[in-house]
Structure formats: C-alpha cells, structure tokens
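Report on the structure given below.
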Amino acid sequence: MSSLGKKAIKQTKKPYVLGAVMLAMFMGAIEATIVSTAMPAIVGDLGGFSLYSWVFSAYLLMNAVTVLIYGKLSDLFGRKPIITVGIIIFLIGSILCGFSQSMTQLILFRFIQGLGAGAVLPMATTIIGDIYSKEERAKIQGYLSSVWGISAISGPLIGGILVEYVSWRFVFWINIPLGILAIAGLWLFLHEDIEKKKPVIDYGGAALLVLTVSTLMFVLVEGGVRLPWDSWQTILLIGLSVTGLAVFVYHEMRTPQPMMPFDLWKVRSILVANVVSLTTGIMLIGISSFLPAFVQGVMERSATVAGFTLTAMSIGWPISATIAGRLLIKAGYFITSLIGGIALVAGAAVFVFMQPSYGPLWAASGSFLIGVGMGLSSTAFIVSIQSTVEWKVRGIATATNMFMRNLGTTIGAALLGGILNSRLQDYLQKTNADSDLSIDGVNALLSESERAAMNPELIQTLQDGLTSSLHTVYLVVLLFAVFSLIGIMFIPKDKSLKK
C-alpha cells in the first residue's frame with residue numbers, strides 16, 4: 001500500500017508539467033521583444049546610447065555559450081535541477097536589471113540574466129521530448145509554437161504599455177511571477193529517473209568560445225568609436241579572437257564529447273542550414289534591436305507603436321512556420337527555404353528604402369516579410385537536419401543549429417551596433433552643428449520629455465544622423481539577406497518529404 005502510494009506520488013503529471021514548461025518558455029521568449037521595445041525609454045532614462053548594443057550583446061553572449069553546456073549537465077544531473085538553476089539565475093539577473101542606475105550596471109546584470117537564460121529554452125524543449133512519445137510530440141509541438149506566437153505578439157504590446165504607463169523597470173520584473181510558477185510546477189509534477197553516468201563536460205571549449213566571441217564583439221562595437229581601427233589594442237583583440245577560434249576548432253576536433261561536433265558539418269544540408277542560420281541571426285537582431293529606436297527617436301511615435309512594428313515580424317513568423325509544414329511535404333526543403341530566402345531579401349529591402357515620413361506601417365511591412373522569411377527557412381532547416389541524422393545525434397544536431405543562430409544574433413548585435421555608433425559619430429563630427437554633440441546626444445532624442453525641450457534644429461540634426469546611420473545598418477542587413485539566399489541555393493534539391 002505504502003509502495004503504491006509512493007509510486008503514485010512519483011508519477012509525472014504531463015499536463016501540469018507542460019503548463020510549467022510553457023510558462024518557462026514564455027518567460028524566455030518574451031524577453032527579446034519586450035526589452036527591445038523598452039530600450040529607447042531605458043536609454044532616455046539612464047543615458048549611454050553608445051552602449052545600446054551591449055545590452056543585447058551581453059545577454060546573447062552568455063545565452064549562446066551556455067546552451068550546449070547546460071545540455072550536457074542535464075544528462076548528468078537531470079533536466080529539473082538544471083532548468084531550476086537556470087530560472088533562478090535568470091530571475092536574479094532580472095531583479096538586478098530592474099534596479100539598474102546606469103547602462104554599465106544594466107549590461108553587467110544582463111550578463112547574469114543571459115547566464116540563466118541558456119538553460120531555460122533548451123531544457124524546456126528537452127523535458128517535452130523526455131515525457132512525451134514521438135507520436136504525442138507532434139500535437140504538443142503546436143502548444144509550444146503557440147507560446148512563441150503569444151509572446152511575440154504580447155511582448156511588444158506589454159513592453160510599450162509598461163514603458164508608457166508604469167516604468168521600464170517592470171519589463172524585467174514581470175519575469176518574477178512567471179519564473180516562480182514555472183519552478184513550482186516542475187518540482188511538484190515532474191519526476192525523473194536519472195541514469196547514473198558521467199559525461200565529459202567540454203569546459204575548455206566553452207572557455208575558448210567565450211574568449212573568441214567576446215573579444216570579437218568588443219572590437220566590432222568599439223572599433224572606430226573608442227578604439228581606432230589601427231590601434232595596438234584593436235590589433236591585439238583581433239589576434240586574440242582569431243587565435244581563440246583556431247585553438248577552439250583544434251580542441252573540438254580532438255575532445256571526446258565536443259561542444260561543437262564538426263563531423264556533422266560534413267553533411268551538406270546541415271552545413272548550409274548552420275551557415276544560413278548564422279546570417280539570419282545577424283539579420284534578426286539588426287531589425288529587432290534598432291527598429292524601436294528609429295520609430296521612437298526619428299518617427300517620434302510612442303513605445304506602443306514601436307512595439308507594433310516588431311509585432312508584425314512576430315505575426316509573420318508563426319503563420320509562415322505553419323505554412324512551411326505543409327509546403328515541405330508538397331515542395332520539399334529547397335523550395336520552402338528558397339521562398340523564405342526571397343522573403344528575407346524583400347523585407348531587408350523595405351528597410352533600406354524606409355524614410356521617416358513613410359510611417360510605422362512601412363516599418364511593420366518590412367518586419368512582417370522578415371518574419372515570413374524566418375518562419376519558412378528556420379522550419380525547413382530544423383526538419384531537414386532532424387530527417388538527415390540518426391536518432392542518437394539528433395539532439396546535438398538540433399542544438400548546434402540553435403547555437404549558430406544564437407551566435408549570429410550575438411555577433412550581429414555587436415557588429416551592427418558598432419556600425420551604428422561609428423556612422424553616427426562620423427555624421428555628427430561632419431555636421432559641426434555643435435562641438436559638444438556626441439553619440440550620447442541621442443539619449444535626449446529617445447526621451448519624449450527631453451526631446452520636447454530641445455532646439456528643433458538640434459533635434460533635426462540628431463534625427464538625420466540616426467536615420468543615416470540606421471540606413472547603413474539596414475544595408476548590411478540586406479547584404480546578409482543576400483548571403484542567406486545564396487547559401488540556400490546550395491541546399492540539396494532532392495531533400496523532400498514526398499514519399
């Protein structure tokens with residue numbers, strides 16, 4: 001009797017675990033759009049526009065580097081304790097972000113937040129794979145996709161409302177109840193049988209990856225702004241990054257359980273999917289990070305309207321991802337990916353030709369096309385990868401593709417942020433409108449109250465500078481869209497789901 005009772009207590013209750021997992025995923029998924037929407041208000045309050053891109057880079061760097069490490073740790077200690085630790089670290093970072101008094105503090109706390117975020121989304125997906133059978137996962141995947149759709153639509157809206165009517169600080173604090181409920185649900189209803197094994201954790205690979213990416217990010221953000229391109233510091237950092245990459249590749253080829261299994265890259269469809277995921281990741285962060293600054297600072301619209309322009313991307317993505325499932329069966333991977341690649345180029349072109357007078361609807365249409373392109377291409381890539389490899393390496397193959405997109409967003413935040421800062425600084429120096437005018441003058445432009453008190457001529461100078469700088473950023477985004485389309489052309493044309 002007692003043994004039966006004990007067994008009943010230890011039985012996993014799938015519906016409640018699913019609810020907890022969806023809460024954890026929602027918390028992680030909403031983070032990107034809600035913070036992007038709030039960034040102009042944050043800069044308007046804390047200052048430090050020149051550090052704008054570091055707020056994203058810090059979070060994305062730690063998220064990207066820790067994803068694969070958490071995956072291996074979960075094999076040793078179980079999914080539940082690892083995702084719990086991740087959520088707790090994420091919540092600590094969120095609380096601290098809300099109390100930030102400067103951009104430097106916010107960036108530091110975003111590192112902490114990203115350190116926890118690396119465990120949340122991968123572990124949530126893995127838990128679903130553990131507790132549901134292959135047949136059940138198809139139906140459950142619909143619920144998980146709805147989390148992304150809901151968070152993508154509600155994130156900008158909630159962010160805009162909080163910024164306008166409460167405070168940008170609540171953008172971070174809104175995570176607290178979600179995280180607590182997710183932890184409670186997992187510990188009450190998820191029970192794991194952990195197999196006793198001790199895999200080798202590739203800490204060396206993780207350290208080398210942090211060194212390589214962080215030094216590259218620093219050069220991309222600060223090169224031509226605080227560090228001259230020909231300075232010894234810049235040359236040293238580039239040397240460190242290149243050396244770190246070479247040693248990382250050498251280390252990964254020799255280690256028993258590498259973070260990055262390069263053997264998988266010998267399969268052409270996986271190679272193409274991973275490379276294109278990197279370039280689309282750069283595009284994605286270029287739109288989501290800087291579009292709200294343009295809509296609020298140049299178009300002079302509210303945070304809610306800026307959120308709406310990002311929401312359009314988030315609407316296009318889940319719709320096209322759903323269509324992609326049917327299109328893959330009828331037309332195969334190549335055609336589905338090709339249509340996605342064309343949509344990415346079209347969306348990027350909309351942003352290149354965007355003028356302040358065109359209004360937020362123009363910006364939203366570009367976002368929507370980017371979302372359509374991402375939904376079609378990313379769905380085709382994941383299905384292609386999972387259909388190409390055998391079961392025992394399917395998890396790491398999928399995680400590697402996720403990692404490449406995360407790496408793209410990390411590098412993109414730094415690269416495009418550096419281009420924005422460099423171009424804006426050059427523009428302000430050439431206009432000579434005000435000898436004291438600097439990049440951080442945009443701080444006032446993003447604060448409605450401060451903008452109202454500014455000289456109209458000064459406002460025009462800053463807006464023209466921001467428009468010109470973002471135009472260059474979007475040209476680079478278009479270039480990566482073209483690279484993505486060219487990469488898609490190399491997908492094997494016989495990869496189809498047709499019988």
Side-chain angles (χ1 to χ4, degrees), residues 1-31 34 63 66-95 113 115-152 154-155 158 172-197 199 318 391 394-396 398-399 402:
M1 182 83 176
S2 59
S3 62
L4 286 172
K6 189 176 180 182
K7 187 175 180 181
I9 293 171
K10 288 190 173 182
Q11 187 177 2
T12 291
K13 298 181 179 177
K14 293 182 183 180
Y16 297 110
V17 174
L18 176 61
V21 164
M22 289 175 70
L23 271 176
M25 289 186 70
F26 182 79
M27 181 184 72
I30 200 173
E31 183 64 20
I34 199 170
N63 191 350
T66 55
V67 163
L68 300 178
I69 290 292
Y70 280 125
K72 288 186 178 294
L73 287 174
S74 72
D75 290 335
L76 178 60
F77 300 108
R79 323 299 186 199
K80 185 165 65 174
I82 297 302
I83 192 174
T84 301
V85 169
I87 292 173
I88 290 171
I89 295 172
F90 182 86
L91 292 183
I92 291 170
S94 298
I95 292 167
Q113 205 181 21
L115 181 64
V120 177
L121 295 179
M123 284 305 97
T125 307
T126 306
I127 288 169
I128 294 301
D130 288 345
I131 66 174
Y132 287 100
S133 67
K134 186 167 66 174
E135 292 75 20
E136 291 172 317
R137 278 178 224 149
K139 180 180 178 182
I140 298 302
Q141 198 61 42
Y143 293 116
L144 300 185
S145 298
S146 71
V147 172
W148 288 98
I150 294 168
S151 65
S154 61
I158 294 170
F172 297 103
W173 293 338
I174 198 173
N175 294 322
I176 299 168
L178 298 176
I180 291 172
L181 284 172
I183 291 173
L186 289 168
W187 280 91
L188 285 172
F189 305 116
L190 175 63
H191 304 286
E192 300 178 302
D193 291 323
I194 304 168
E195 186 181 339
K196 298 293 182 182
K197 57 181 178 178
W391 181 87
R394 192 171 293 156
I396 192 64
T398 306
M402 183 189 296

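Nothing here was measured: the structure is a model prediction, and the numbers come from that model.
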**Q.** Any residue meeting side-chain contact (heavy atoms from CB on, under 4.5 Å) with Ala182, in chain and number order, not counting sequence neighbours
**A.** Leu23, Ala24, Ile87
What distance do [X] atom [atom1] and [Y] atom [atom2] have between them, rounded to the nearest 0.5 Å?
X	Y	atom1	atom2	result
Ile30	Leu178	CD1	CG	7.5 Å
Tyr70	Asn63	OH	CG	9.5 Å
Leu91	Met27	CG	CE	5.5 Å
Phe90	Ile83	CZ	CD1	11.5 Å
Ile95	Ile176	CD1	CD1	4.0 Å
Arg79	Ile127	CZ	CD1	8.0 Å

Q) What's the shortest heavy-atom distance between Asn175 and Ser94, and which atoms? A)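 Minimum heavy-atom separation between Asn175 and Ser94: ND2-OG, 3.1 Å.
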Q. How would you list all residue pairs meeting side chain to side chain donor-acceptor pair (under 3.5 Å) that involve residues 178-188, not counting sequence neighbours?
A. Thr84-Trp187
Q) Is there a side-chain contact between Leu190 and Val21 (heavy atoms, below 4.5 Å)? A)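 SC-SC contact between Leu190 and Val21 ruled out.
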